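First the structure, in the form of structure tokens, and then the observations on it.
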Amino acid sequence: MYSVRMRAAKGDRHISGAERLVEEGDVSSSVQHLTERALAHERGKPDVITISVESVRTHVHRVPSLPIVLYPVENADAGKEAARKTLARLKIPGYCIEKAFSLLEDSPEVMRGAAIMDMEGNRLEPDRSRGVRATRMDITNDAAQDLANSLAARGLSRYYEQVKEALVLATKVASVRGTVAELCWSDDPSYTVGYVASKKMGYVRIPHMKREGNPRGGRVFFVDTMNLSEYIHELEKVPMLVDRFTGIQEDLTFRPLSQEEP
Ligand code: WAQ
Ligand code: MG
């Protein structure tokens, strides 16, 4: 298989990025698709688009996706509260949660990759302005079709592309030893959706994490004891294919919790 990666920038500004893991016959179509996407991105017209294609010779791990869990909220304030509660349930300390939120809310520039944060709130990624990017992951056509059908059944088809990419990324990140949880929301101004993902609770999808028009977003990987270089190696290098879609659940587990907590 081949790892195909795209990143687009305008000066120092990150515009967009994407990663694929495809068979040889699909390399050129994915290069074309990713180039077109970079050129049409709502964050701006890039002046540099970098596409790299690398053969992958190591064993490709096949894993089922995290389940999607819908956490319906009406606005960004409720969404942020939902994310904080979910992270707290996953035992992420409060000060780490607050630090992660201010990183994603207040940084003047979005990062190209993710921050890695330990349980003391320390940032571990070697390059703090760049972050680390999870790469070498994708989803099989069959699993993607199941996801598409499942979204269609809930009237969520228009989000298919974003959900697919984010679910693949979150599944990979959650599968890396040391990850406790991930917090994410989009940096696309018109896309307000975010999630908290973890092996324990799945991909908790939150429709509003910011107001429309806000160009800030990002990702924080919360980690517990692990070896940093092994962790980054696994994120970047170990290839992973989601070969089964696990399904979408409603938010039944959340309501009692939000009632019992202040
Ligand atoms: N590895 C690490 N961090 C990444 C990666 C990656 N491969 N790709 C993006 N990021 C970081 C980077 O800081 C971006 O600025 C930020 O995440 C947001 O990326 O409807 O669209 O591609 O269920 O804008 C989630 C909800 C959407 C999807 C996430 O992210 C849904 C999204 P974006
Ligand atoms: Mg984006």
Side-chain angles (χ1 to χ4, degrees), residues 3-10 12-21 34 37-38 40-44 46 52 65-73 79 82-83 100 103-105 107-117 123 125 127-138 147-148 150-151 154-174 176 179 182-197 202-210 214-223 231-232 234-237 240 245 248:
S3 158
V4 182
R5 289 178 289 159
M6 177 278 284
R7 65 190 158 84
K10 183 184 190 124
D12 289 339
R13 259 190 88 219
H14 169 77
I15 299 286
S16 71
E19 349 358 80
R20 291 281 136 74
L21 190 61
L34 293 178
R37 200 167 97 174
H41 203 276
E42 65 167 297
R43 286 177 57 80
S52 67
S65 77
L66 294 176
I68 295 178
V69 183
L70 300 176
Y71 199 146
V73 295
L103 176 68
L104 299 196
E105 284 172 346
S107 296
E109 283 297 329
V110 305
M111 294 161 69
R112 165 144 66 96
I116 303 177
M117 191 180 287
R123 300 262 305 270
E125 71 280 10
D127 179 342
R128 286 202 188 184
S129 57
R130 177 189 183 275
V132 290
R133 280 188 74 88
T135 64
R136 293 172 201 230
M137 68 267 182
D138 215 320
L147 167 64
S150 222
L151 290 172
R154 287 178 167 75
L156 297 172
S157 288
R158 65 186 177 285
Y159 304 113
Y160 168 69
E161 287 294 335
Q162 287 94 334
V163 176
K164 180 178 68 152
E165 276 187 17
L167 182 63
V168 167
L169 190 152
T171 299
K172 171 150 195 197
V173 171
V176 177
T179 303
E182 176 190 353
L183 170 67
C184 162
W185 67 87
S186 179
D187 58 11
D188 302 7
S190 69
Y191 205 72
T192 64
V193 188
Y195 63 83
V196 172
Y203 178 97
V204 177
R205 183 176 190 269
I206 303 169
H208 304 279
M209 286 299 293
K210 64 177 184 184
N214 181 336
R216 290 184 179 155
R219 287 183 153 94
V220 178
F221 303 158
F222 296 96
V223 298
Y231 185 81
I232 293 176
E234 206 171 323
L235 267 181
E236 293 180 337
K237 296 281 155 61
M240 193 212 75
F245 174 59
I248 302 183

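Everything numeric here is computed off the predicted structure, so don't read it as measured data. In what follows, every heavy atom counts, from backbone to side chain, and hydrogens, waters and symmetry copies are set aside. Note that ligands are numbered from 1 as they come in the structure, with each ligand's atoms numbered from 1 the same way.
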Practice task
For the Mg ion (ligand 2), find the closest N/O/S atom on D188 and give its atom name.
Solution key: OD1

Exercise for the section: Check each atom of ligand 1 against the heavy atoms of R205 and keep those under 4.0 Å away; list them by number with element. Expected result: 20 (O), 23 (O), 31 (C)

Problem - E182 and Y195, any side-chain heavy atoms less than 4.5 Å apart - result: yes

Completion exercise
Per-atom filter on ligand 1: closer than 4.0 angstrom to a heavy atom of V132 are 1 (N), 2 (C), 3 (N)

Problem - Shortest-distance N/O/S atom, D187 versus the Mg ion (ligand 2) - result: OD1

Handout entry: Atom of T135, atom of R5 and distance for their closest heavy-atom approach
Key = CG2-CD, 3.6 Å

Practice task
Do me a favour and list the nearest non-hydrogen protein atom to atom 16 (C) of ligand 1 with residue, atom name and distance?
Solution key: G218 CA, 3.5 Å

Practice task
Search all heavy atoms of D187 against all heavy atoms of H14 and return the closest pair with its distance.
Solution key: OD2-CD2, 3.7 Å

Handout entry: Side-chain donor-acceptor pair present, T171, Y203, cut-off under 3.5 Å
Key = no

Handout entry: Protein residue, atom and distance nearest to atom 29 (C) of ligand 1, heavy-atom basis
Key = C184 SG, 3.7 Å

Handout entry: Side chains of E42 and S190, donor plus acceptor under 3.5 Å
Key = yes

Handout entry: Heavy-atom gap R112 to ligand 1 smaller than 4.0 Å
Key = yes

Fill in the blank from the handout: Counting from 1 in the order shown, the ligand 1 atoms closer than 4.0 Å to a non-hydrogen atom of A134 are 1 (N), 2 (C), 6 (C), 7 (N)

Handout entry: Approximate separation, where rounding is to 0.5 Å, of R13 CZ and R112 CZ
Key = 14.5 Å

Practice task
Find all atoms of ligand 1 within a distance of less than 4.0 Å from any non-hydrogen atom belonging to M111, and give their numbers and elements.
Solution key: 12 (C), 13 (O), 14 (C), 15 (O)

Exercise for the section: Check R133 against ligand 1 and report side chain, backbone, both or neither, counting heavy atoms closer than 4.0 Å. Expected result: both

Completion exercise
Between A18 and R37 the two heavy atoms that sit nearest each other are CB-NH2, 3.1 Å

Exercise for the section: Can you pull out the closest protein heavy atom to atom 21 (O) of ligand 1? Residue, atom name and distance to 0.1 Å, please. Expected result: S186 OG, 3.2 Å

Practice task
Go through ligand 1 atom by atom and flag the ones less than 4.0 Å from a non-hydrogen atom of Y203.
Solution key: 23 (O), 26 (C), 28 (C), 31 (C)

Exercise for the section: Could you name the option among E125, R219, Q162 that has the heavy atom nearest to atom 30 (O) of ligand 1? Expected result: R219

Practice task
With the side chain counted from C-beta on, respond yes when S129 and E109 share a heavy-atom pair under 4.5 Å apart, and no when they do not.
Solution key: no

Problem - Min side-chain heavy-atom separation T179-L235 under 4.5 Å - result: no

Handout entry: Proximity flag G113 to ligand 1, non-hydrogen atoms under 4.0 Å
Key = yes

Completion exercise
D188 heavy atoms within 4.0 Å reach ligand 1 at atoms 24 (O)

Practice task
Identify the protein heavy atom lying closest to atom 24 (O) of ligand 1, giving its residue, its atom name and the separation to 0.1 Å.
Solution key: D187 OD1, 2.7 Å

Fill in the blank from the handout: Looking only at protein heavy atoms, what sits closest to atom 6 (C) of ligand 1 is L169 CD1, 3.3 Å

Exercise for the section: Specify the protein heavy atom at minimum distance from atom 20 (O) of ligand 1: its residue, its atom name, and the distance to 0.1 Å. Expected result: Y191 OH, 2.5 Å

Handout entry: Heavy-atom gap L235 to ligand 1 smaller than 4.0 Å
Key = no

Handout entry: Closest contact, heavy atoms only, V220 versus M117
Key = CG1-CB, 4.0 Å

Fill in the blank from the handout: For K10 and P46 the tightest heavy-atom approach is CB-CA, 4.4 Å

Exercise for the section: Output the list of atoms in ligand 1 that are nearer than 4.0 Å to some heavy atom of Y195, sorted by atom number. Expected result: 25 (C)

Practice task
Only one of R7, R133, R136 passes side-chain hydrogen bond (donor to acceptor under 3.5 Å, both in side chains) with E19; say which it is.
Solution key: R133

Practice task
Identify whether the distance between the nearest side-chain nitrogen and carboxylate oxygen of E165 and R20 falls below 4.0 Å.
Solution key: yes

Exercise for the section: Pull out every atom of ligand 1 sitting under 4.0 Å from any heavy atom of E19, numbered as shown with elements. Expected result: 7 (N)

